[in-house]
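Below: the structure, in structure tokens.
Keep in mind it's a predicted model, so treat the numbers as computed, not measured.
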Amino acid sequence: MAAVHDHLSPSISVEVVQIEAVVDALQSHLWAEIFNVEAFLDGVRSATFARGNPPVVLAGIDQKSALYDQALVLLTRWQSISKYQDIELRFSAGSA
């Protein structure tokens, strides 16, 4: 796991860094309980540039509904489960 978080490791692909940047930016907006698309995209750009990578291209999707709102749906599901229960996540290619 340490190798994945070592941004200097050459084994880390650009996509991993980009995804981590998106998750970090999304997490900060979830904590703030508000979504600002400009601040979100700036956070993603800053995080990827800081690691020497190009930003992920998120043009063509509604970042709020595809990312933030879906994370809120997942949060609601997560909070509704009882102790020792689980939830199953299903991902469909192109469904974001």
Side-chain angles (χ1 to χ4, degrees):
M1 191 66 162
V4 173
H5 286 76
D6 179 8
H7 72 276
L8 299 176
S9 173
S11 66
I12 296 178
S13 70
V14 172
E15 292 85 5
V16 170
V17 172
Q18 291 172 331
I19 291 167
E20 187 174 57
V22 168
V23 169
D24 289 346
L26 184 59
Q27 185 175 33
S28 68
H29 283 78
L30 290 168
W31 286 338
E33 298 181 351
I34 191 164
F35 187 80
N36 178 293
V37 69
E38 292 83 16
F40 171 74
L41 293 173
D42 186 56
V44 172
R45 279 191 297 270
S46 297
T48 54
F49 285 145
R51 293 173 177 91
N53 288 287
V56 63
V57 177
L58 296 173
I61 66 166
D62 178 352
Q63 293 93 14
K64 183 179 183 305
S65 65
L67 300 171
Y68 182 77
D69 292 345
Q70 293 301 311
L72 290 177
V73 169
L74 177 59
L75 176 62
T76 301
R77 284 182 59 203
W78 178 257
Q79 290 174 333
S80 71
I81 64 171
S82 301
K83 192 174 186 177
Y84 303 114
Q85 286 186 314
D86 58 23
I87 57 176
E88 182 177 329
L89 302 177
R90 294 187 182 138
F91 298 94
S92 300
S95 65

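By the 6.0 Å contact criterion, CD1 on Ile87 is enclosed, its count of non-hydrogen atoms from other residues, nucleotides or ligands being greater than 12. The neighbour count for Gln85 CD, taken as heavy atoms of other residues, nucleotides or ligands under 6.0 Å away, is above 12.
Using modelled atom types, one side-chain atom of Ser28 and one backbone atom of Ala25 make a donor-acceptor pair closer than 3.5 Å.
For residues 66-86, the salt bridge (charged side-chain N to carboxylate O under 4.0 Å, His left out) pairs, not counting sequence neighbours, are Lys64-Asp69.
Contact annotation: the side chain of Leu41 approaches that of Leu58 to within less than 4.5 Å [non-hydrogen atoms, C-beta and beyond]. Counting heavy atoms from C-beta outward, Gln70 and Leu74 have side chains that stay 4.5 Å or more apart. Here the side chains of Leu30 and Leu75 are not in contact, with every heavy-atom distance at 4.5 Å or above. By the 4.5 Å heavy-atom criterion applied to side chains, Pro54 and Gln18 are counted as neighbours.
Shown are Val44, Asp42, Asn36; of these, the side-chain contact (heavy atoms from CB on, under 4.5 Å) with Phe40 is made only by Val44.
Cluster annotation: Val73 and Tyr68 are assigned to distinct hydrophobic clusters (Ile/Leu/Val/Met/Phe/Trp/Tyr, side-chain heavy-atom contacts under 4.5 Å, transitive). A continuous path of Ile, Leu, Val, Met, Phe, Trp and Tyr side chains, each step under 4.5 Å between heavy atoms, connects Leu72 with Ile61, placing both in one hydrophobic cluster. Taken together through direct or relayed side-chain contacts under 4.5 Å among Ile, Leu, Val, Met, Phe, Trp and Tyr, Leu67 and Val37 form part of one hydrophobic cluster.
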